[in-house]
Amino acid sequence: MDKPKTKIDRDLYEYWEKSGFFKADPDSAKTPYSLLIPPPNVNGPLHLGHAMQHAILDCLARFKRMQGFDVLLLPGVDHAGILFEGTLNKLLEKEGLSKQKLGREEWMKRAWQFKDENYQAFHDTWKLMGLSADWSREVFTLEPKVQKAVLEEFKTFWDQDLLYKGAYIVQWCPKDQTAIEDLEMEYEERQEKFYYIRYKIDGSDDFILIATARPETIAADVAVAIYPNHPKFAKLIGKMAKNPFTATKIPIIEDKRVEKDFGTGALKITPGHDLLDYEIGKTHKLPILHVVSKEGHITNLDPNLNGLKIIEARDKAAGILNEKGLIEKVEEYTHSVPVCERCKTTIEPLISEEWFVKMKPLAQKALKNIGKICFLPKNYHKIISDWLKEIHDWSISRSLWWGHRIPVWYCQKCNPSHEVGKDKDMVISLEEPKDPDSGELKKCQTCRLSRWVQDEQVLDTWFSSGLWPMATLGWFTRRSLDEGGPNRTKELERYYPWDFELTAPEIKFLWIARMIMLGLWFMDEIPFKNMFFHGMLRDLQGRKFSKSLGNGIDPYELVEQWGTDAARMALYSYSAPGRDAKTSRQIMDERCKNYRNFGTKLRNITRFVIDLAPEKITSSSSTLRNDVIASEAKQSKHPDERSVHNDDRIILEQLNQTISEVTKNIESFNLHLATEKLYSFIWHDFADIYIEDTKNRRAQAQPTLEHVLKTSLQLLHPFMPFLTEELWLKILSSVEGQKLPHINESIMLSNWPGSIDN
RNA sequence: GGACUCCUAGCUCAGCUGGUUAGAGCGCUUCAUUUACACUGAAGAGGUCAGAGGUUCGAACCCUCUGGAGUCCACCA
């Protein structure tokens, strides 16, 4: 029974799209209003959160269009580097395949295939939701347009000395085989053993007691550090301790970063595998040893543990120490262990060659200007500012295949170790570097050969996503970089900064803060005027929806069962800015059902008002039609002043109040309040009271009935686009007896109702 | 350790800058019985707005404290 309705929705969508109603027009004389769709990650299907985002964006877009703005609702998709690669590799694993087995070329083929599948699914869902986006401007983050923007970003950073490459300690995910940044980690509470180990003092029977959770890394210990003036250990300063595994002499040093009350107050220093140790090692100019490989195995630095996985090595190391009588005691303790946010693998801090961006100057500029952005809820201003104040350098390289490959080429002969610097044999370029004049391959200035190899790594996803507000509008696509032509497209001039952007709070730093910094840095202007953080939908126990928990709610199923409009309305009821909400399939069904019923009510109202109109007022229908077509907002004039019944006056007053309240609430992004008002006005004020009261004076009330109905449809259209359009066209065709909609009669083109000035 | 948010009817949630008897949906009770609409209508029960104190003529809303739930950031040798 719902099938034909879905069919009508699809037809309507096609009608809108073909008529070009979704398209922005940069040449228009209208005031622009721009909304940027946060690009969903192309690694999996859209979920309820996406559906809510799309419902909100679409509502605002439709509202602004009706208000007479030139609306740009720009869609796009993110390649989602590490996330996508992880998902695909898991799929390949099931087929018995892997990255290594396939090789880069074949793997990339599969990757693009997988991307296309998801992409198609996105489009289906978007259209099903009624998203009125300008499809002609859709952007994918790996397309040439974005590549050029990314190149520009990279090159500019390089020229400004904000970019560096080097071997530093990083958070390494052994499963994904790449460095990740702090924001991509989370912590898991684990119960582990805490070993108290004796490090012998060289040339004495004395020892220094050290507490550690990682005995397997002892071979890479290069010092023992105590906090300054430790009452028990201070006398040992200047002496050497002996590494329990390698018997190497290691110095005992003082450093105030050691906590006196943690463990024994003495810390083993392993600069190769711990962030704090790395810092302390740097200060004291200690060597760096590697005992954990990028695969998460012990290296040959420790012959006893060589090749073992971390966990195995830990037990064995403890065993060996125990045999040597070096373990004083073992405690059980719980602490949080950093894991990869994506694959939950334990992170191994280790030294790796990576690229970094110096963020201080960008953050400072952002801090100066962040006040120009209107955040909803407004406390996000503080949250993001606080983070910006504490910013550290951004590690932007990832050892993946899926993403923007770092646009740096090294001379194979002169720069085999891929060193980086103004005086090194390297070139920044998307393609194999060419000479701009001859078009031939560029020659290395040292060896005059043209054998270039590109950097193996790709850029962090957010390096490109951070440019989203600019790249989508053609930032730096108008000129090649060497030409110096205008870098601002018409679109960029017109639609940047964006009027509205929204997102889930979980990517406020990864994405939003980056966009703010990059936008200000490159455009000298904030990227968006209104930044809306919606709440997170959670299950009834307050957990996030996730595939692994299997507690997700498929928006597609809701739409199938209750219709798009009903599903949208249910989502608006959860859209209060920044408010998390608990829900379940059952609760979503209840709400959807309620709004499905509301839709039916509206359908019945229309049947009553239009289909069952009294015969004698056929003549007034032409008035209605003119009214509808002209539809000047201010012209929602009220019908026939002379015969105003008191009930008419009341309903028109209520209508007026509804208009101003709904308008105000949409403008302040309180969609949940707008829908609530419309619901109670249409159902209770209009249907239950007014319509009932007009039954004994139907003919007299008919013009008011039609007027209120028509205006209600308009007010409701941004929220329930399909039903309102269907009924709107029905009203028109009932007047002229036509069946098919004529262009320019869509409710989308009607003007937003204004309240009548009394 | 630092920051933020929340606790309102059985359930899920609204309640703008403090202002008359605190709202919605679902659920519940009673009635109406084919009405444009049963995907309905009418009537109703149900809340000392987490607790305590304070400011105020007046507090669900502002301040302080306590309790509970959750999120984020930092850290856990």
Side-chain angles (χ1 to χ4, degrees), chain A residues 1 182-183 186-187 189-190 192 194-197 210-215 217 221 224-225 257-259 262-270 273-277 280 333-338 377 379-380 382-387 389-390 392 505-506 508-509 533 535-538 540-544 562-563 566 569-570 573-576 578-584 586-613 661 664-665 668 670 672-673 675-677 679-680 683-684 687-689 691-692 694-695 698 705 709:
Chain A
M1 140 179 183
D182 297 355
L183 291 170
E186 53 186 38
Y187 288 84
E189 289 265 296
R190 279 201 204 141
E192 292 191 334
F194 203 37
Y195 302 91
Y196 287 76
I197 300 166
I210 281 161
T212 181
R214 304 207 59 183
T217 64
D221 288 358
V224 171
R257 284 166 285 193
V258 180
E259 271 185 54
F262 197 94
T264 64
L267 172 63
K268 76 188 198 64
I269 300 297
T270 324
H273 300 290
D274 183 279
L275 216 64
L276 176 63
D277 295 5
I280 292 176
Y333 86 132
T334 31
H335 64 151
S336 24
V337 177
N379 62 321
Y380 276 82
K382 178 176 155 43
I383 293 174
I384 291 181
S385 298
D386 287 351
W387 185 78
K389 283 174 201 158
E390 306 272 304
H392 46 262
E506 58 184 350
K508 54 189 175 298
F509 304 135
F533 287 95
M536 296 283 290
L537 292 176
R538 301 169 177 283
L540 291 178
Q541 291 151 60
R543 301 174 305 179
K544 273 201 270 192
W562 306 106
M569 289 294 271
S573 69
Y574 279 117
S575 73
R579 297 296 211 105
D580 287 4
K582 285 179 281 188
T583 190
S584 65
Q586 194 193 337
I587 291 173
M588 285 311 293
D589 277 340
E590 277 168 14
R591 294 209 180 190
C592 286
K593 180 178 170 188
N594 186 230
Y595 288 112
R596 193 259 338 243
N597 294 354
F598 176 61
T600 308
K601 176 59 83 174
L602 193 61
R603 206 179 280 280
N604 281 318
I605 292 171
T606 310
R607 193 147 79 102
F608 177 78
V609 174
I610 303 301
D611 296 351
L612 305 178
E661 217 170 289
K664 187 191 81 190
N665 284 326
S668 59
N670 287 308
H672 61 300
L673 298 181
T675 48
E676 200 178 284
K677 179 67 190 171
Y679 181 94
S680 74
W683 199 322
H684 300 120
D688 290 345
I689 298 171
I691 289 183
E692 287 307 318
T694 61
K695 282 183 178 167
R698 176 62 196 271
L705 284 168
L709 171 59

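None of the values given here were measured: they were computed from a predicted structure. Letters go in sequence order (proteins before strands), and every chain restarts at 1.
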For [N] versus [M], give the span between their [atom1] atoms, rounded off to a whole number of Å.
{"N": "B/C37", "M": "B/G46", "atom1": "P", "result": "35 Å"}
{"N": "B/G25", "M": "B/A14", "atom1": "C1'", "result": "10 Å"}
{"N": "B/G23", "M": "B/G44", "atom1": "P", "result": "13 Å"}
{"N": "B/U8", "M": "B/A52", "atom1": "P", "result": "15 Å"}
{"N": "B/C72", "M": "B/C11", "atom1": "P", "result": "26 Å"}
{"N": "B/C62", "M": "B/C26", "atom1": "P", "result": "30 Å"}
{"N": "B/C63", "M": "B/U17", "atom1": "P", "result": "12 Å"}
{"N": "B/A9", "M": "B/U29", "atom1": "C1'", "result": "15 Å"}

Looking only at atom types and distance, does a side-chain atom of [X] sit under 3.5 Å from a main-chain N or O of [Y], one as donor and one as acceptor?
{"X": "A/N670", "Y": "A/L673", "answer": "no"}
{"X": "A/D580", "Y": "A/M536", "answer": "yes"}
{"X": "A/N604", "Y": "A/T600", "answer": "yes"}

Using purine N1 to pyrimidine N3 plus N6-O4 or O6-N4 for Watson-Crick, or N1-O2 and O6-N3 for G-U wobble, each under 3.5 Å, what pairs with [N]?
{"N": "B/C76", "answer": "none"}
{"N": "B/U40", "answer": "B/A32"}
{"N": "B/G25", "answer": "B/C11"}
{"N": "B/G53", "answer": "B/C63"}
{"N": "B/C16", "answer": "none"}
{"N": "B/C6", "answer": "B/G68"}

Let me know the distance between [atom1] of [X] and [atom2] of [N], rounded to the nearest Å.
{"X": "A/I691", "N": "B/A36", "atom1": "CD1", "atom2": "P", "result": "11 Å"}
{"X": "A/I384", "N": "B/A3", "atom1": "CD1", "atom2": "P", "result": "19 Å"}
{"X": "A/R257", "N": "B/C76", "atom1": "CZ", "atom2": "P", "result": "13 Å"}
{"X": "A/I587", "N": "B/C11", "atom1": "CD1", "atom2": "P", "result": "11 Å"}
{"X": "A/M569", "N": "B/C13", "atom1": "CE", "atom2": "P", "result": "19 Å"}
{"X": "A/F509", "N": "B/A3", "atom1": "CZ", "atom2": "P", "result": "15 Å"}
{"X": "A/K582", "N": "B/C13", "atom1": "NZ", "atom2": "C1'", "result": "11 Å"}
{"X": "A/Y380", "N": "B/U5", "atom1": "OH", "atom2": "C1'", "result": "9 Å"}

What nucleic acid atoms does [X] come within less than 4.0 Å of, heavy atoms only: base, sugar-phosphate, or nothing?
{"X": "A/L267", "value": "base"}
{"X": "A/A687", "value": "base"}
{"X": "A/D611", "value": "nothing"}
{"X": "A/T212", "value": "sugar-phosphate"}
{"X": "A/R538", "value": "sugar-phosphate"}
{"X": "A/F194", "value": "sugar-phosphate"}
{"X": "A/L612", "value": "sugar-phosphate"}
{"X": "A/V337", "value": "nothing"}
{"X": "A/Y574", "value": "sugar-phosphate"}
{"X": "A/E259", "value": "base"}
{"X": "A/L673", "value": "sugar-phosphate"}
{"X": "A/R607", "value": "sugar-phosphate"}

For the side chain of [X], starting at C-beta, report the closest nucleotide among [options].
{"X": "A/A581", "options": "B/C75, B/C13, B/A77", "value": "B/C13"}
{"X": "A/N379", "options": "B/U5, B/C37, B/U12", "value": "B/U5"}
{"X": "A/W683", "options": "B/U40, B/A14, B/U12", "value": "B/U40"}

Does atom CD of A/E189 have more than 12 heavy-atom neighbours from other groups under 6.0 Å away? yes
Distance check: side-chain N/O of [X] vs OP1/OP2 of [N], anything under 4.0 Å?
{"X": "A/K601", "N": "B/A36", "value": "no"}
{"X": "A/Y333", "N": "B/A77", "value": "yes"}
{"X": "A/H672", "N": "B/G15", "value": "yes"}

Contacts of A/D688 and A/H684 projected onto RNA chain B by closest heavy atom; the upstream (5') one is A/H684
Contacts of A/I383 and A/K664 projected onto RNA chain B by closest heavy atom; the upstream (5') one is A/I383
Please tell me if the side chains of A/I587 and A/L540 come closer than 4.5 Å, counting only heavy atoms from C-beta onward. yes
Taking the side chain as C-beta and beyond, is there a heavy-atom pair between A/R214 and A/D274 under 4.5 Å? no
Is any side-chain N or O of [X] under 3.5 Å from a base N or O of [N], one able to act as donor and the other as acceptor?
{"X": "A/R579", "N": "B/U5", "answer": "no"}
{"X": "A/K382", "N": "B/A3", "answer": "no"}
{"X": "A/E692", "N": "B/A36", "answer": "yes"}

A/F608 ring centre to A/K695 NZ or CZ under 6.0 Å, with the angle to the axis within 45°? yes
A/W562: which of A/N594, A/N597, A/D589 passes side-chain contact (heavy atoms from CB on, under 4.5 Å): A/D589
If you apply the rule side chain to side chain contact (heavy atoms under 4.5 Å, CB included), what do you find for A/H672 with A/R579, and how did you get there? CA-CA 12 Å; A/H672 61 300; A/R579 297 296 211 105; over 6 Å; no
Measure the acute angle between the ring planes of A/F598 and A/W683, then classify it against the limits of 30° and 60° as parallel, tilted or perpendicular. parallel
What orientation do A/H684 and A/Y679 show, parallel under 30°, tilted 30 to 60°, or perpendicular over 60°? perpendicular
Please tabulate the protein-to-nucleotide N/O contacts below 3.5 Å involving nucleotides 26-29 of chain B, giving atom names and distances.
residue, atom, partner, partner atom, Å
B/C26, OP1, A/N594, ND2, 3.3
B/C26, O2', A/E590, OE1, 3.4
B/C26, O2', A/E590, OE2, 3.3

Kindly compute the distance separating OG (A/S575) from CG (A/L537), expressed to the nearest 0.5 Å. 10.0 Å
